[in-house]
Novice: 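First the structure, which I've put down as structure tokens, then a few questions once you've had a look.
What you see is a predicted model; the values in this text were computed from it and never measured. In what follows, chains carry the letters A, B, and so on, assigned in the order in which the sequence lines appear, proteins first and then strands, with residues in each chain numbered from 1. Reckoned from all heavy atoms, side chains included, excluding hydrogens, waters and symmetry mates.
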2 protein chains.
Amino acid sequence: MTADEAEPGTLRPGGRTARVRAAVLRAAGDVLAERGFAHMDLADIAQRAGVGKTTVYRRWGTVTALVTDLLTEMIESSLPRTYTGSLLGDLGAHARLVHTTLTDPRQGPLFKAVIAAATYDERTAAALRRFYDARITEWAPCVREAAARGEVPEDTDPREVIRAVSAPLYYRLLASGDPLDETTADRAAKAAIAAARAGIFSPGKR
Amino acid sequence: MTADEAEPGTLRPGGRTARVRAAVLRAAGDVLAERGFAHMDLADIAQRAGVGKTTVYRRWGTVTALVTDLLTEMIESSLPRTYTGSLLGDLGAHARLVHTTLTDPRQGPLFKAVIAAATYDERTAAALRRFYDARITEWAPCVREAAARGEVPEDTDPREVIRAVSAPLYYRLLASGDPLDETTADRAAKAAIAAARAGIFSPGKR
DNA sequence: TGACTAACGGAACTGGAGACCCGTTATGAC
DNA sequence: GTCATAACGGGTCTCCAGTTCCGTTAGTCA
């Protein structure tokens with residue numbers, strides 16, 4: 001909608017516009033955590049945010065777009081990776097970060113909602129790809145450092161290892177519905193290392 | 001809705017009722033494959049199926065319920081596991097089965113839709129858990145057989161190995177959006193075996 | 001082969017999500 | 001300060017997904 005006018009917030013990003021955005025995103029996060037994706041209603045969110053519903057429809061238009069914006073904000077406030085000096089320590093930290101994110105009462109529902117929306121909305125899918133690309137890029141160096149230390153083969157694909165750590169956690173959250181606990185996170189890190197040592201993530205060795 | 005009357009199809013499952021169900025599920029699958037989950041409209045599906053829209057609303061009520069029923073039917077027509085005599089052969093076959101399912105023009109969109117719906121609908125989530133439980137139970141024996149042959153430790157958790165094979169494929173489909181090809185499937189099987197051999201899926205060894 | 005009724009289907013109805021109109025507020029440039 | 005206009009917001013309307021009503025069709029059982 002309103003394709004012929006400039007993106008709101010780009011010409012007057014100060015004061016009120018920023019306050020409105022913050023209030024709406026806050027309210028949207030609250031509704032998502034409290035009532036879930038299925039009960040998100042833009043008019044209700046507008047009221048909670050103390051903002052006119054016209055404003056919400058004009059700036060976001062759909063629940064999907066609003067949830068995507070929520071993810072975008074989360075990317076910006078993403079935590080930096082940790083350094084422990086060992087691959088198991090680093091990948092374990094990554095696995096626990098993913099676990100914490102997916103089970104957090106605010107972030108968990110957000111991720112479920114975003115992933116659900118991404119299955120049918122291309123903009124959301126693109127935002128999600130950007131998020132994982134950033135996360136993987138952030139953590140991949142720990143595999144390169146481990147390769148330099150000789151913990152895994154020199155030609156190990158770092159990004160593939162990071163993906164291998166996250167995958168089991170997402171599988172449980174979204175598909176099988178099996179419990180998502182610290183044991184699972186820990187095992188995911190160890191399994192990825194075992195596979196890497198066996199050369200499974202080394203393109204050369206086939 | 002209509003909670004006080006018997007489940008349609010239970011008292012007169014023959015003839016017309018079965019034809020209506022088949023026609024509607026067929027049409028729903030077509031719409032899902034052609035236009036996607038977001039464009040599924042019960043009235044449209046009813047028309048395509050040559051059935052009254054009242055009937056569709058009475059028997060399914062929501063797009064989510066209809067998609068869940070579609071999954072239920074798929075479970076019943078699920079392929080049996082294959083036997084190759086080696087763990088790599090068996091797990092490779094499982095990985096290719098998952099890959100084929102997720103990239104199939106009809107089944108792929110169905111799985112995306114069901115998983116999206118399962119994030120906010122408990123009935124769909126339950127149906128999905130049943131599906132994976134059945135799949136894992138079907139394939140777990142191949143790990144036990146491999147353990148008997150000495151390919152992996154005796155106390156390897158068979159179900160955990162099967163989950164480890166599927167996980168990377170689902171992660172790519174739903175989260176990262178990375179391409180889903182045979183190489184990925186092959187690597188998933190190999191990685192699971194490497195982890196199992198290292199004792200990561202053996203509860204005893206910690 | 002007829003009676004009973006589960007299940008279907010056309011048509012009219014309704015509620016509320018989302019679009020629209022237009023006056024108001026307050027940001028940013030001078 | 002003052003002006004132009006980006007952005008907000010209350011009120012109203014529209015449209016269609018989902019419901020209801022009630023007559024029709026066809027399984028099932030005797």
Side-chain angles (χ1 to χ4, degrees), chain A residues 1-28 31-32 35-69 113 117 120-121 123, chain B residues 1-28 31-32 35-69 113 117 120-121 123:
Chain A
M1 50 232 58
T2 66
D4 52 340
E5 60 186 56
E7 184 78 359
T10 52
L11 289 163
R12 281 186 186 180
R16 185 168 61 166
T17 298
R19 275 197 305 279
V20 164
R21 187 178 120 100
V24 171
L25 291 183
R26 177 73 204 274
V31 173
L32 187 56
R35 326 201 61 184
F37 187 56
H39 293 89
M40 286 186 84
D41 170 41
L42 294 193
D44 174 44
I45 290 168
Q47 196 174 15
R48 282 176 176 242
V51 152
K53 99 176 167 166
T54 309
T55 301
V56 177
Y57 276 105
R58 185 167 31 222
R59 290 193 57 180
W60 289 278
T62 63
V63 172
T64 296
L66 185 50
V67 165
T68 304
D69 202 16
Y120 57 82
D121 181 76
R123 284 177 171 279
Chain B
M1 48 235 62
T2 66
D4 53 339
E5 61 184 55
E7 185 76 359
T10 53
L11 289 163
R12 283 186 184 178
R16 185 169 58 166
T17 299
R19 275 199 304 281
V20 165
R21 186 176 119 100
V24 171
L25 290 182
R26 177 73 205 276
V31 175
L32 188 56
R35 327 201 60 184
F37 187 56
H39 292 89
M40 286 185 83
D41 170 41
L42 293 192
D44 173 44
I45 290 167
Q47 195 174 18
R48 281 175 177 244
V51 151
K53 103 176 166 166
T54 310
T55 300
V56 177
Y57 276 104
R58 187 164 32 221
R59 290 193 56 180
W60 289 277
T62 63
V63 172
T64 297
L66 184 50
V67 165
T68 304
D69 201 17
Y120 57 83
D121 181 75
R123 286 176 170 279

Novice: Ignoring backbone atoms, test whether Arg58(B) places a side-chain nitrogen or oxygen under 4.0 Å from the OP1 or OP2 oxygen of dA6(C).
Specialist: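 For dA6(C), neither OP1 nor OP2 has a side-chain N or O of Arg58(B) closer than 4.0 Å.
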
Novice: Do Thr62(A) side-chain and dG18(C) base share a donor-acceptor contact under 3.5 Å?
Specialist: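 Between dG18(C) and Thr62(A), which were checked side chain against base, a qualifying N/O pair under 3.5 Å is absent.
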
Novice: Expressed in angstrom and rounded to an integer, what is the separation of Arg59(B) atom CZ from dC8(C) atom C1'?
Specialist: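 After rounding, the gap between these two atoms is 10 Å.
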
Novice: Could you tell me how far apart Trp60(A) (CH2) and dC8(D) (C1') are, to the nearest whole angstrom?
Specialist: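 Value for this atom pair: 12 Å.
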
Novice: Within a strict 4.5 Å, meaning less than it, do heavy atoms of the Trp60(A) and Leu42(A) side chains meet?
Specialist: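 A side-chain contact is absent here, since even the closest heavy-atom pair is not under 4.5 Å.
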
Novice: By nearest atom, which of the nucleotides dC20(C), dG18(C), dA17(D) is closest to the Tyr57(A) side chain?
Specialist: dG18(C)

Novice: Answer yes or no: is there an ion pair linking Asp44(A) with Arg35(A), defined by an N-O contact shorter than 4.0 Å?
Specialist: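 Here Asp44(A) does not pair with Arg35(A) in a salt bridge, since their nearest N and O are not under 4.0 Å apart.
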
Novice: I want to check one thing: is the phosphate of dA7(C), taken as OP1 and OP2, less than 4.0 Å away from some side-chain N or O of Thr17(B)?
Specialist: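 It does not, given that no N or O in the side chain of Thr17(B) lies less than 4.0 Å from OP1 or OP2 of dA7(C).
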
Novice: Does a nitrogen or oxygen in the side chain of Arg16(B) sit under 4.0 Å from OP1 or OP2 of dT5(C)?
Specialist: no

Novice: For the base of dG18(D), is there a side-chain donor-acceptor partner from Lys53(B) under 3.5 Å away?
Specialist: yes

Novice: Looking only at heavy atoms, what is the nearest atom pair of Val63(A) and Met40(A), with distance?
Specialist: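 Closest pair (atom of Val63(A), atom of Met40(A), distance): CG2-O, 3.6 Å.
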
Novice: Whole Å only: how far is the CG atom of Asp44(A) from the P atom of dA17(C)?
Specialist: 9 Å

Novice: Under a 4.0 Å threshold between the charged nitrogen and the carboxylate oxygen, would Asp69(B) count as salt-bridged to Arg21(B)?
Specialist: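 Judged by the 4.0 Å cut-off on N to carboxylate O distance, Arg21(B) and Asp69(B) do form a salt bridge.
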
Novice: Could you please name the option among dC21(C), dC8(D), dA11(C) that lies closest to any side-chain atom of Thr55(A)?
Specialist: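 Of the options given, the side chain of Thr55(A) lies nearest dC8(D).
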
Novice: Classify Arg21(A) by what it touches in the nucleic acid, base, sugar-phosphate, or nothing, heavy-atom distance under 4.0 Å.
Specialist: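 Arg21(A): no heavy atom of the nucleic acid under 4.0 Å.
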
Novice: I want to verify a distance call: between dG10(C), dA17(C), dT25(D), whose nearest atom is closest to the Asp41(A) side chain?
Specialist: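 Nearest nucleotide to the side chain: dA17(C).
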
